[in-house]
Amino acid sequence: MPELPEVETIARGLANKIVGKTIARVDVAWKPIAVAPKGVRFARALEGERVVRSWRRGKYVVLDLASGRRLVTSLRMTGRLIVRAAGDGPYPYAHVVLHFTDGTHLVFSEMRKFGRMRLVEPGEPWDADLGIEPLGKPFTPQAFNGIVSGRTTPVKALLLDQRRIAGIGNIYACEALWVARIRPDRPAGALTKPSLRRLHRAIVDVLLEACKMGGSSVDDYVDADGLRGGFQNVLSVYGRLGRPCARCGKSIVRTVLGGRGTWWCRGCQR
DNA sequence: CCGCCGCCCTGCTTGC
DNA sequence: TGCAAGCAGGGCGGCG
């Protein structure tokens, strides 16, 4: 599932491939994907727009348009944004297709149909509910302490809360907690100062390393070129039920926390 | 404000 | 063997 590193990789890929292109026509095959503006107005509003920048905020891919508007895409579980050449055949689950004037097109594809695309007007506060960027300068150990302090929720649930920190999903929450040697079900506010230090560090390190490797292709994530990432090959706990912990040798377990599968090591995460 | 639950979807796994 | 039921999961709205 696309989390911060995967979305970052996609946004960078799109920066290379579609910035400067003009949208000629938009097809919306599955209406609920386009949440704003609704119906045919979504497609109409995009026609004639030029893409001037591609970037990421949390798990959202943001395409800045020449008019000052923004196309914001949430990929959710299995969503893909794929750039296709003029002669390419149909792509599976192509719910929204942006046709550019040069014949290439950008396909939003998703098996589950959970993804969303929103056209945001200039100045419209679309990301007010999103938390701090974990790879941004303001995400200091002190800032992290402030986010965590007083919270009774399990630390993993807090890492997944996009209103607190934006971009961490199930894979990197599990991985960061393993690196920091912290049990996922620990109440966040009860963590010691040294634990919080390690966790802050682990979050940044894991996300940076995953970005470097082009993300994790555990299910069906691929980048804007349709290529797989590399971080799935170096995961320590995620999806590794029964495999030995690389640090202490005990078997990795899977529990359910907040309704989400959670992989961790009972031997060295405390 | 905070935390919890159910829903949206569909491919895959499980069980009879 | 075949088919139905169950499960997974990010974000969001509803509820207490």
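Order of the sequence lines fixes the chain letters, A, B, ..., with proteins taken first and strands second; residue numbering starts at 1 for each chain.
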S.K.: Is G258(A) touching bases, backbone alone, or none of the nucleic acid, heavy atoms closer than 4.0 Å?
M.R.: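 Nothing: the residue G258(A), judged by heavy atoms under 4.0 Å, touches no strand.
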
S.K.: What's the spacing between L106(A) CG and Y91(A) OH if we round to 0.5 Å?
M.R.: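 One finds 11.5 Å between CG of L106(A) and OH of Y91(A).
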
S.K.: With a cut-off of less than 4.0 Å, is there a side-chain N or O of R254(A) near OP1 or OP2 of dC7(C)?
M.R.: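 No, no such contact exists.
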
S.K.: If the cut-off is 4.0 Å, is R151(A) near the phosphate of dG3(B), judged by side-chain N/O to OP1 or OP2?
M.R.: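 Answer is yes, contact under 4.0 Å.
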
S.K.: Could you state the atom-to-atom distance from CD1 of I147(A) to P of dC1(B) in whole Å?
M.R.: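 Value for this atom pair: 16 Å.
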
S.K.: In whole angstroms, how far is the P atom of dC12(C) from the CZ atom of R260(A)?
M.R.: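 Atom-to-atom, R260(A) to dC12(C), this comes out as 13 Å.
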
S.K.: Could you tell me whether E110(A) contacts a base, only the sugar-phosphate backbone, or nothing, with contacts defined as non-hydrogen atoms closer than 4.0 Å?
M.R.: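 The residue E110(A) makes no contact with any strand.
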
S.K.: Taking only the side-chain nitrogens and oxygens of R163(A), find out if one of them lies under 4.0 Å from OP1 or OP2 of dG3(B).
M.R.: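 No, no such contact exists.
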
S.K.: Shortest non-hydrogen contact from V7(A) to P2(A)?
M.R.: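 Closest heavy-atom pair between V7(A) and P2(A): CG2-CB, 4.0 Å.
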
S.K.: S54(A) side chain to A11(A) main-chain N or O, any donor-acceptor pair under 3.5 Å?
M.R.: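 Present.
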
S.K.: Taking only N and O in the side chain of Y93(A), is any of them less than 4.0 Å away from OP1 or OP2 of dT10(B)?
M.R.: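 For dT10(B), neither OP1 nor OP2 has a side-chain N or O of Y93(A) closer than 4.0 Å.
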
S.K.: How many Å lie between CZ on R76(A) and C1' on dG9(C), as a whole number?
M.R.: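 About 10 Å, once rounded to whole Å.
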
S.K.: Evaluate whether the aromatic ring of F114(A) and the six-membered ring of the dG9(C) base sit under 5.5 Å apart, centre to centre, with an inclination under 30°.
M.R.: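 No; by the centre-distance and plane-angle rule, F114(A) does not count as stacking on dG9(C).
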
S.K.: Has the side chain of R247(A) got a donor or acceptor atom that lies under 3.5 Å from a matching backbone atom of W178(A)?
M.R.: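 Here the side-chain-to-backbone pair exists.
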
S.K.: Ignoring hydrogens and geometry, is there a side-chain-to-backbone donor-acceptor pair from E110(A) to R80(A) under 3.5 Å?
M.R.: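 Checking the backbone N and O of R80(A) against the side chain of E110(A), no donor-acceptor pair under 3.5 Å is found.
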
S.K.: Using Watson-Crick and G-U wobble pairs with both distances under 3.5 Å, what is the 5'-to-3' dot-bracket string of DNA chain B, with [ ] for crossing pairs and | for pairs outside the strand?
M.R.: .|||||||||||||||

S.K.: Do R116(A) and dG11(C) have a side chain to base donor-acceptor pair shorter than 3.5 Å?
M.R.: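 Per atom types, no contact qualifies.
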
S.K.: How would you list, by chain and number, every residue that makes a side chain to side chain donor-acceptor pair (under 3.5 Å) with R243(A), sequence neighbours excluded?
M.R.: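 With neighbours one apart ignored, the set is empty.
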
S.K.: Taking only side-chain nitrogens and oxygens of T152(A), does any of them come within less than 4.0 Å of OP1 or OP2 of dG3(B)?
M.R.: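 T152(A) to dG3(B) OP1/OP2: side-chain N or O found under 4.0 Å.
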
